[in-house]
Each structure stands twice: as structure tokens, then as C-alpha cells.
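Some notes on the structure that comes next.
Each chain gets a letter, A, B and so on, in the order the sequences are listed, and its residues count up from 1. Computed from a prediction, not measured in an experiment: that's the story for all the values here.
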Protein chains: 2
Amino acid sequence: MHDAHATPPDLPETTLPPGRRGAAGAAYTWLKREILSGRMRPGQTLSENEIASQMGVSRTPVREAIIRLESEGLLNVRPQVGTVVAPIDLDQVADGQFLREAIECRSARLAAGRVRPADARELKSLLRDQARAVARNDQAGFIALDDRMHQHIVAMAGRPNVWRAVEDVKAQLDRVRVLSLEDPSWLAAVLAQHEAIVRHVLEGDGNAASKAMEAHLRTVFSSIDAIADERPEYFRGDPVASRSGTPPEPPPPKPARRNP
Amino acid sequence: MHDAHATPPDLPETTLPPGRRGAAGAAYTWLKREILSGRMRPGQTLSENEIASQMGVSRTPVREAIIRLESEGLLNVRPQVGTVVAPIDLDQVADGQFLREAIECRSARLAAGRVRPADARELKSLLRDQARAVARNDQAGFIALDDRMHQHIVAMAGRPNVWRAVEDVKAQLDRVRVLSLEDPSWLAAVLAQHEAIVRHVLEGDGNAASKAMEAHLRTVFSSIDAIADERPEYFRGDPVASRSGTPPEPPPPKPARRNP
DNA sequence: ACTTCTACACTAGTATACAAGCATACCGGT
DNA sequence: ACCGGTATGCTTGTATACTAGTGTAGAAGT
């Protein structure tokens, strides 16, 4: 009974088709991308019916996607009222920053003691590619390479799947990030920080690697206050929201009845 | 089947925002407690229909609960096949351990530099209560106080809501913990470690506090291997699962057709 | 006796219908 | 003019019906 012989090689214990499992998975992926890309803005209302008809499915899979995104903190569902893209909570962003620092600094420290030749090659290769992306002013490409480098350092620490947890908190941070217009000089500065991190890791200096990682993460974080001051309408619990600047969308106060 | 004296459908309609709202929230809370308490064992199959009829609701809210628990890693849903309580993955447990160490060690380090009088009083009070719980051999009470102490240290670090993230990973670790029979001597040892952590925090020695926290967390973690060897049927990807020990449940191969 | 095929029960996924709550426009009273 | 009750259209929550896929029992064929 309960034989274990059926498991060895072929039984894929994945059980988690990463993002896409049917219509619900498609809805989840699509909605998440809309939110993280900034196309759906913080505070914007959603309609299950609208999204469902727009995607050509029923409410059920859309609801499933919404439930998952709510548990990730990207949506706020108010029963019997409506669903909105979660306004950015500065306190929550700070929590995410804290978590990233805790995880990635520790990873960098451990990675410094476990450098294998393949790791050194990979990190150097990533730095080269990043330099090329900076030279071409390719922001999207640079960001992708940035993520891969951070992920590889976590993997070097021996816990590759921890990156999933980082991705969850990173989502909140990235939502702020896309609000800032990242200029080329910023890219170059980030590249220099990456080079410092890799240097310390390859030298086996865990303490310095951790410190460099902390400084790096905080550089990105430091720009948030400026953004919150510039776009208060996207943030929650912001006492400075009194200034009557540009509203989220020009004049969409047409949500009244549609059949007069 | 079985129906192990579990709390029957308890529908508290009160849960508005903080707890979980509606029937879906009730199903979520009930299922999660069943899993974390160990009443539902790793690998055990679930049936949406069965749970729904047991709770007196339809499949829909049960499905919502299952979706959320799956995203927390407590359930595995195999499309068109069935849903099972997630087998304990040793690698995943190690990930959780890594995250707890990263978060709580950093918290302890920061807390050591931010001790306010109220914090000192609270920590000392918690230690006193814990000592009393040990003296009375009150495991449940001790565990509750243990959680409160860890939570307070995280709050002292300035990020009280980060504890939510800890709770998520802690769920995986606690699932293993309930499999081990915790004897009184173990409680006393844990209390001593708590005292060491608090002492270093109150002394303002962040480094020592972090180290003490790490040692503390690893003590709990170290018992896992023994449990995995003792109860291989609850674990996944365990090469030692060949021994024909006690099966998860005596002989419940009754899932055949019900209408011959 | 063993293997292969087939039918069926059971699963989760999806679609649809209904119920309940809230906000707002409208309208009648003051 | 102002205030308050009411109707209506929206929202999410829940129930139910149906679809499609999977594993297994059991029969049929070898």
C-alpha cells in the first residue's frame, strides 16, 4: 500500500503550472501585469463583469484571479461595493523594503561563502550584459538583468525558491518604481552598486557584500518619498493629499446610471 | 467518513474586515485550523463537495477558501483530479526557516537599538508569564506567549505588520512542529533561549541578540530531520520513504464508487 | 491467469442565475 | 430652497447546473 515506487523520476511534483492554469490563470496573469505595469492605477475601480466580458469568460475565473491578487495585497475588495487597485500604502512599502533587505542582505552574506566557478562566471556575465544595456539605454533589458542577478545571489545562498517570496514583496515596491521616471544616470549608478556587490561576493567578504546590498536596495527606496509627494492621489493615508494637483484621470465622473 | 470531532459548521457572520468575511471566510478559517492543527494530515485528500455539505454551504465559498490556502502553500490542487493537504516538503520547510531567520534576526538586531521603557516592561512580563506556563507544563499557553514575544520584537524593529509575513512562513514550520511531541524539558530550554534574547536586546547588543535569535530558531528546526525519519508518509520527495511503517490512516481505501 | 478495453463515478473548472447590500439619482414633502 | 424617503442600478457573495478530464473498477478478449 501507499507504495512509493510510482514517484521516482516521472511523477512531476511541480503541481504548480507557474502562472497559467486555464482561464483563471490567464485572468490572474493579465490582471497582475496590468497592475504592476501601472496601466491600472492605484485607486482605480474594477468591475468583475467588465473584465469578464472583456476577456470573453464568465465572472468565476475572474473572481478567482481577484481573490489571489487580493491576498497578495494588490487589490482591495469591498464587499457589496467594489474592487479597487490597492492604493499604495507607504507603510506597506516600507515593510516590503524591510523584508527585501532582510532576505537579500542575508543571502549576499551567505553567497560570499559559497562561490563556485559557475557562479563567478554567471555574475560577471550578468554585469557585462548590464553594462551593455546601460550603454544602449535599454531600461527594460537592464531591469530584467537586475532581477536575474538578485535572484542568482539568493540561489547561491542555497535557497533558490526563496526568490518567490522576494517576488511577492517586490511587486509592491515595483509598483512605486514604475511611477518614477528612471533616467540613464540612475541606471549607471545602479550598475556601479551591482559591481560593488559582486566584487565583495567574489572576494568572499560576506559583511561587505551585505552592506553593499543594503545600500543598493536603499538607493531605490529613497526615491519613494519624492514620488509620494508628486503623486499623492495614488497613495493612502497621506496627510499631504490636500493639494489639488492633477487627478488620477481627467474627468471620468461618468459612472452614473447608463440608462436614463 | 471519519469526521474527527472537528468543529461543525460555525458561521460567525461577524467577521467584517479584520477576520474573514462571510461563508468563504468561515471556510478559510476552519480549513486552515484543521490543517495547522494536524487534524487534516499531509497528503490527505479533500473534496469540495464534501466540505461544502459539511459546512452547509455551496462549493463556491469553499473554493474561495481553497484558492487562498493553495496560494499559501497549504493545499495542492491537481486539476480534474483532486485537492490534497500539501505534503511537507523539506526543501520548502528549509526555505521557511531561512526566511524566519532573515526577518527575525534582523528584527532582533534593530530592536536592540530601540528599546523603550514600555518594551522592556512588556518583554519582562512575557518572560515571567512564560516561566509560569513552563511551571504549569502548559504547552498551549507557552506557545501563545512565545508567538507574542517574537511578534513584539518585530514590532520593536519598527515594522509591526511584517509579522504577517512571518505568520505565513511560520504556518509551514508549525505544521512540522505539531508532529513532534514537545516534552517539558524542551519548553524549559526554549525559555532559557528567550531569556538570552531578551537580555541581549535590553543590553542594546544587537549582534548578540541576532545570534541568540538564530540559535533559538535553529533549535526548533533541528528536530525536523528526526520527525521526517519517523513519519516519512507525511513528507514529499523523501528517499527514505521505503520503509513500510505506519500508513497515514489505517485502511481507508474506501474511495471507490459509492453506487454499485 | 493475465492483459486490454470500456464504462462510470468522481474530480475540479466554468458558466449562469439568484440574493443581498450599498450608493446615488430622483422625487415628494416640509 | 432644503431635507428626507424611495426607487433603481450598480456592486460583490452565494447557489446551482453543466463541461471536461482522470482514475479505477470490472468486464471482455487473449
* With a non-hydrogen cut-off below 4.0 angstrom, is A:T45 in contact with a base, only sugar-phosphate, or nothing? ->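 A:T45: no heavy atom of the nucleic acid under 4.0 Å.
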* Asked: What is the nucleic acid contact for B:I67, judged by heavy atoms within less than 4.0 Å: base, sugar-phosphate only, or nothing?
  ->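 No contact.
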What is the distance from [atom1] of [X] to [atom2] of [N], rounded to the nearest Å?
{"X": "A:Q80", "N": "D:dT8", "atom1": "CD", "atom2": "P", "result": "20 Å"}
{"X": "A:N76", "N": "D:dT11", "atom1": "CG", "atom2": "P", "result": "17 Å"}
{"X": "B:I51", "N": "C:dC10", "atom1": "CD1", "atom2": "C1'", "result": "15 Å"}
{"X": "A:L75", "N": "D:dT11", "atom1": "CG", "atom2": "C1'", "result": "15 Å"}
{"X": "B:E64", "N": "C:dT14", "atom1": "CD", "atom2": "P", "result": "15 Å"}
{"X": "A:N49", "N": "D:dG9", "atom1": "CG", "atom2": "P", "result": "15 Å"}
{"X": "A:E70", "N": "D:dT11", "atom1": "CD", "atom2": "P", "result": "17 Å"}
{"X": "A:E48", "N": "D:dG13", "atom1": "CD", "atom2": "P", "result": "7 Å"}

Should the pair [X]-[Y] be classified as a salt bridge under the 4.0 Å nitrogen-to-oxygen rule?
{"X": "B:K170", "Y": "B:D147", "answer": "yes"}
{"X": "B:R68", "Y": "A:E70", "answer": "no"}
{"X": "A:K32", "Y": "A:E72", "answer": "yes"}

Please determine if a side-chain N or O atom of [X] lies less than 4.0 Å away from the OP1 or OP2 oxygen of [N].
{"X": "B:S58", "N": "D:dA15", "value": "yes"}
{"X": "B:R59", "N": "D:dT16", "value": "no"}
{"X": "A:S47", "N": "D:dC10", "value": "no"}
{"X": "A:T83", "N": "D:dT12", "value": "yes"}
{"X": "B:R21", "N": "D:dG13", "value": "yes"}
{"X": "B:R78", "N": "C:dT11", "value": "no"}

* Do A:R159's NZ or CZ and the ring of B:F98 fall within the cation-pi criteria of under 6.0 Å and 45°? ->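 Not flagged: A:R159 not positioned over aromatic ring of B:F98.
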* Cut-off 3.5 Å, side chains only: do B:Q44 and B:Y234 have a donor facing an acceptor? ->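 No, no side-chain donor-acceptor pair sits under 3.5 Å.
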* Mapping A:V57 and A:V81 onto DNA chain C by nearest heavy atom, which one lands closer to the 5' end? ->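 Checking each residue's closest nucleotide, the 5'-ward one belongs to A:V57.
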